[in-house]
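To start, the structure under review is shown below, and the notes come after it.
Just the heavy atoms: all of them, side chains too, but no hydrogens, waters or symmetry mates, feed the values below. Just so it is clear, the structure is predicted and the values come from calculations on it, not from any experiment.
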Amino acid sequence: MGLYESCCVIALCFMFLLLNPQFSYSMSCTSQKFTNNKLYEHCNDLPHLNCYIHWTYNPKVSSLNLAFVATPTKPDGWISWGINPIGTGMVGTQSLIAFKNLNDTIVVKTFKLNSYKSIVPGELEYRVLNMEAMYSNEMMVIFASVELPKGMRELNQVWQVGSLVLNGTFPGIHDFQLENLNSKGKLDLMKGKNVNNGLEDSMVKNRNIHGILNIVSWGILFPIGIVIARYLRTFVDPIWFYVHVTCQISSYIIGVSGWATGLILGSQSKGIMYNSHRDFGIALFCLATLQVFALFLRPKKEHKYRFYWNMYHHGIGYGVLVLGIINVFKGLEILQPGNKWKLAYIIFLSIIGGVALILEAITWTIVLKKKPGKSNINKLYDGQNGRQQPLTS
């Protein structure tokens, strides 16, 4: 199996791994027991922030008894569960928030989230009874009974965790990672389960597709294409050229698809901004497009402008390589598929780098043996004499 085929297999492995991300919880709600021996009819593992809700709904009196379990970002942080009667997001949520007060006691209080910057303590739209909170094994629990409107069949629930409590009385701002922004869903009171809304499912799917396409494109295929162009010309001329062009055009097509998916994802997630990742992506797309034009502008080796074309082609190519790798790491930080996938990509880059160093030494050894003398070495840079030029395209 050759270098190109081997790296394509690696690319397919990354696609499979990212299409099947394993987001695991530290436990399941079914394994959780409460020291006060409270029992609930249903429990759900919530899809974000490693949170869980245990609950029983009594339709005769429209009462929801619940226990919300979560791990605060820091031991002195806070957790929150609430109902949004007017929408599916955070704004408008009627929240129960638990935290440690100045006496180092776990308390739970009610807050209204009128806007992203306005959290107001006070009574909620729904009557809340039997509020209490506890802290055990680095996890906080909120217990409460909520009186809901008659006939309610489902509710919009929102949950959150934070790391800061101001003066022991007021929850500070939480993180704005995807996990935090997507911590919402519908609680189906009749079927006994948490239901993600369709938009969120679509966002998660598009986010994974965007990550897969761009890792395979700029992170894997493009570096392979550069290695092929720089080194294989010495061994398989002119086959290297057609393999190089195929690899880079495939990379560009896949990359453009990933870029378009990113635009769709941006339109679906208003208010979620990753400025540096976006800016690197725009620069990467523009440079890659210029690189594609280089194929149509390529003069013959004997042409007087070939030297300048080589500078243009190499400069933009290495620019795309650097920007692509940087943005892959930024994307992995956002996607958060697990540290092992970041490590896998680092290992891939190390292998490619090691192969490049070995081929660099072998190529120069062959070239210098075939063309001894200073005058001949200078020809390595002028675009002449065919395949014995490891530095031109």
Side-chain angles (χ1 to χ4, degrees), residues 25 28-30 32 34 38-70 78-98 108-116 118-133 140-162 171 174 178-204 268-269 271:
Y25 295 99
S28 169
C29 67
T30 56
Q32 296 172 344
F34 303 111
K38 288 189 176 182
L39 299 176
Y40 298 89
E41 184 177 355
H42 307 288
C43 79
N44 305 119
D45 297 341
L46 298 175
H48 303 287
L49 299 176
N50 287 355
C51 298
Y52 318 85
I53 184 168
H54 303 252
W55 57 282
T56 300
Y57 177 64
N58 185 342
K60 294 181 179 180
V61 294
S62 292
S63 175
L64 177 68
N65 296 318
L66 66 96
F68 173 70
V69 183
W78 54 268
I79 67 169
S80 171
W81 181 88
I83 302 171
N84 190 334
I86 61 174
T88 59
M90 185 181 80
V91 176
T93 298
Q94 313 279 305
S95 289
L96 310 175
I97 302 181
V108 55
K109 296 184 178 182
T110 56
F111 292 83
K112 298 179 182 179
L113 282 66
N114 296 329
S115 71
Y116 285 105
S118 176
I119 303 177
V120 181
E123 292 187 4
L124 304 185
E125 181 175 321
Y126 307 109
R127 188 183 181 193
V128 183
L129 304 172
N130 305 320
M131 288 193 305
E132 59 178 304
M140 284 188 185
V141 185
I142 295 175
F143 298 100
S145 297
V146 184
E147 294 184 357
L148 301 175
K150 292 286 186 179
M152 178 175 281
R153 301 181 64 86
E154 65 178 21
L155 56 83
N156 299 318
Q157 65 171 339
V158 180
W159 62 94
Q160 195 57 254
V161 298
H174 60 75
L178 281 176
E179 284 280 287
N180 301 90
L181 297 171
N182 288 331
S183 56
K184 56 189 177 182
K186 290 184 180 294
L187 192 64
D188 192 316
L189 301 174
M190 298 295 106
K191 296 181 180 180
K193 63 181 181 179
N194 177 70
V195 182
N196 296 331
N197 62 57
L199 177 60
E200 181 184 337
D201 291 339
S202 177
M203 285 175 59
V204 172
Q268 290 180 329
S269 51

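The backbone N or O of Leu124 lies less than 3.5 Å from no partner atom in the side chain of Gln94, so there is not a single donor-acceptor pair. For the pair Trp81 (side chain) and Ala67 (backbone), a donor-acceptor distance under 3.5 Å is absent.
Closest of all the heavy-atom pairs between Met90 and Leu113 is CG-CD2, 3.3 Å. Nearest heavy-atom pair across Glu154 and Asp188 is CB-CA, 4.1 Å. Across Met152 and Leu189, no two heavy atoms sit closer than the pair O-CD1, 3.6 Å. Residues Val91 and Asn84 come closest through the heavy atom pair O-ND2, 2.9 Å. Considering all non-hydrogen atoms of both residues, Gly92 and Ile86 come closest at CA-CD1, 3.8 Å. Contact between Tyr40 and Thr56 at its shortest, heavy atoms only, is CA-OG1, 3.3 Å.
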Would you check, one step at a time, whether the test side chain to side chain contact (heavy atoms under 4.5 Å, CB included) holds for Ser95 with Val158? CA-CA 8 Å; Ser95 289; Val158 180; over 6 Å; no
Residues Gln32, Val141; criterion side chain to side chain contact (heavy atoms under 4.5 Å, CB included); working and verdict: CA-CA 11 Å; Gln32 296 172 344; Val141 185; over 6 Å; no
Go through the steps to decide whether Tyr57 and Leu148 satisfy the test side chain to side chain contact (heavy atoms under 4.5 Å, CB included), and finish with yes or no. CA-CA 10 Å; Tyr57 177 64; Leu148 301 175; 4.0 Å; yes
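For the side-chain hydrogen bond (donor to acceptor under 3.5 Å, both in side chains) test with Ser183, the passing option among His174, Gln160, His48 is Gln160; the others fail.
Residues Met140 and Trp78 are not in side-chain contact: their nearest non-hydrogen atoms beyond the backbone lie 4.5 Å or more apart. Side-chain atoms of Ile53 and Trp159, non-hydrogen and from C-beta on, never get closer than 4.5 Å to each other. In this structure, Met131 and Thr110 have side chains that are in contact, with non-hydrogen atoms separated by less than 4.5 Å. When side chains are defined from C-beta on, Asn44 counts as touching Trp55, because their heavy atoms get closer than 4.5 Å.
Applying the side chain to side chain donor-acceptor pair (under 3.5 Å) test to pairs two or more places apart or on separate chains, those with a residue in residues 59-70 are Asn65-Ser145.
No more than 12 heavy atoms of other residues, nucleotides or ligands shown are found within 6.0 angstrom of CG on Leu39.
Within the model, atoms CD1 of Ile142 and OG of Ser80 stand 6.0 Å from one another, a figure rounded to the nearest 0.5 Å. Atom CG of residue Asn156 and atom OG1 of residue Thr93 lie 8.5 Å apart, to the nearest 0.5 angstrom. The structure places CD1 of Ile83 at 8.0 Å from CG of Leu66, a figure rounded to the nearest 0.5 Å. Between the CZ atom of Phe68 and the CD1 atom of Ile79 there is a distance of 5.5 Å, given to the nearest 0.5 Å. Annotation: the span from Tyr126 atom OH to Leu155 atom CG amounts to 7.5 Å, rounded to 0.5 Å.
Listed by chain and number, the residues in a side chain to side chain donor-acceptor pair (under 3.5 Å) with Lys38 are Glu132 (sequence neighbours excluded). By the side chain to side chain donor-acceptor pair (under 3.5 Å) test, His42 pairs with no residue at all, sequence neighbours left out.
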